[in-house]
Amino acid sequence: GAVVSQHPSWVICKSGTSVKIECRSLDFQATTMFWYRQFPKQSLMLMATSNEGSKATYEQGVEKDKFLINHASLTLSTLTVTSAHPEDSSFYICSARVLQEGQPQHFGDGTRLSIL
Amino acid sequence: QKEVEQDPGPLSVPEGAIVSLNCTYSNSAFQYFMWYRQYSRKGPELLMYTYSSGNKEDGRFTAQVDKSSKYISLFIRDSQPSDSATYLCAMGQNTGFQKLVFGTGTRLLVSP
């Protein structure tokens, strides 16, 4: 149980384009989803916390106009990287928390974003 | 000083060895402690989670938490080449598991 699906797994696009990444909880409802960024050989850095039906909470230093987050349902959150540039190239990972308290976050398999 | 310190490794062991992975932390408010395993180019996979101090065992894995020393450990018995991965410790402050803080991860290599 507690499967989180992330799509796409890899995307390559030109500088200036926008990219949307989807995160779905397949077998549970997630009131809260999290978006992380991970650079090679580094740990996960939280970008934002997404609560269903409300605005996302961004971490310090993360541009909310650059990284648009939508959490329209209890099973889907999306991250859109707007006007992407090469420095946005990274591994983006989402996680979801099971509705009941006391349950840990479960992660998707990540999206490798390469901006040319 | 980072909130969570973890030796990046790599840690190389022969197959069958007992592996000990550790993290130290500075924030005494942490109450929930997790260990995740991450294979290359994949998302982290939850291995163990514990609340407060104590031990928890699941198959070949044992997690220990010593809140008085601000030190957590993950032991892997009878290590296998398939255990080769990066192991991340993570910690949270409240019952909602909001906003985890991760260690940098320890890369483990188990040779046949």
Side-chain angles (χ1 to χ4, degrees), chain A residues 1-11 21 23-26 28 30-51 56-60 62 90-114, chain B residues 2-11 21 23-25 27 30-52 56 58 61 63 65 72 74 85-109:
Chain A
V3 177
V4 176
S5 174
Q6 195 170 336
H7 179 81
S9 57
W10 195 4
V11 59
I21 302 169
C23 180
R24 294 181 185 271
S25 55
L26 296 186
F28 65 98
T31 52
T32 306
M33 290 185 172
F34 304 85
W35 288 96
Y36 295 83
R37 187 171 178 175
Q38 187 178 34
F39 290 105
K41 297 187 179 181
Q42 295 188 27
S43 191
L44 286 75
M45 296 301 295
L46 180 66
M47 298 175 65
T49 301
S50 168
N51 291 296
T57 302
Y58 289 82
E59 294 300 300
Q60 191 174 10
V62 178
S90 189
F91 192 49
Y92 292 88
I93 311 175
C94 72
S95 71
R97 187 175 67 84
V98 178
L99 191 62
Q100 295 87 347
E101 279 198 4
Q103 297 299 312
Q105 295 177 28
H106 294 271
F107 286 82
D109 268 345
T111 297
R112 185 163 300 281
L113 176 62
S114 297
Chain B
K2 291 181 181 178
E3 274 193 292
V4 179
E5 298 277 0
Q6 185 175 11
D7 188 332
L11 175 62
L21 303 166
C23 287
T24 59
Y25 62 95
N27 189 344
F30 288 138
Q31 299 183 66
Y32 292 85
F33 305 90
M34 284 136 282
W35 285 95
Y36 288 88
R37 177 175 63 194
Q38 186 177 24
Y39 292 110
S40 180
R41 300 189 178 187
K42 290 288 187 181
E45 170 194 1
L46 180 67
L47 286 177
M48 303 284 284
Y49 75 95
T50 53
Y51 170 72
S52 194
K56 186 172 184 178
D58 184 2
F61 300 93
V65 175
I72 69 170
L74 176 71
T86 296
Y87 290 79
L88 299 157
C89 63
M91 307 175 189
Q93 287 192 33
N94 55 35
T95 57
F97 280 96
Q98 302 282 358
K99 200 170 177 177
L100 296 180
V101 179
F102 284 85
T104 53
T106 298
R107 187 177 171 212
L108 173 66
L109 302 172

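Below, read A as the first sequence line, B as the second, and so on, with proteins coming before strands; counting in each chain starts at 1.
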Among B/Pro44, B/Gly105, B/Gly103, B/Ala90, the residue with the most heavy-atom pairs under 4.5 Å to chain A is B/Pro44
Within a radius of less than 6.0 Å around NZ of B/Lys42, do more than 12 heavy atoms belonging to other residues, nucleotides or ligands occur? no
Under 4.5 Å to a heavy atom of chain B? For A/Gln38 that would be side chain
For residues B/Tyr51 and B/Gln31, is any side-chain donor paired with an opposing acceptor at under 3.5 Å?
yes
Please work out which of the three classes, parallel, tilted or perpendicular, describes the rings of B/Tyr25 and B/Phe30, given edges at 30° and 60°. perpendicular
Applying a strict 4.5 Å limit to non-hydrogen atoms, the region of B/Gln6 in contact with chain A is neither
If one checks every heavy atom of B/Arg107 against chain A at 4.5 Å, the contacting part turns out to be neither
### Task
Mark yes or no for whether B/Glu5, through its side chain, and B/Thr24, through its backbone, hold a donor-acceptor pair below 3.5 Å.
no
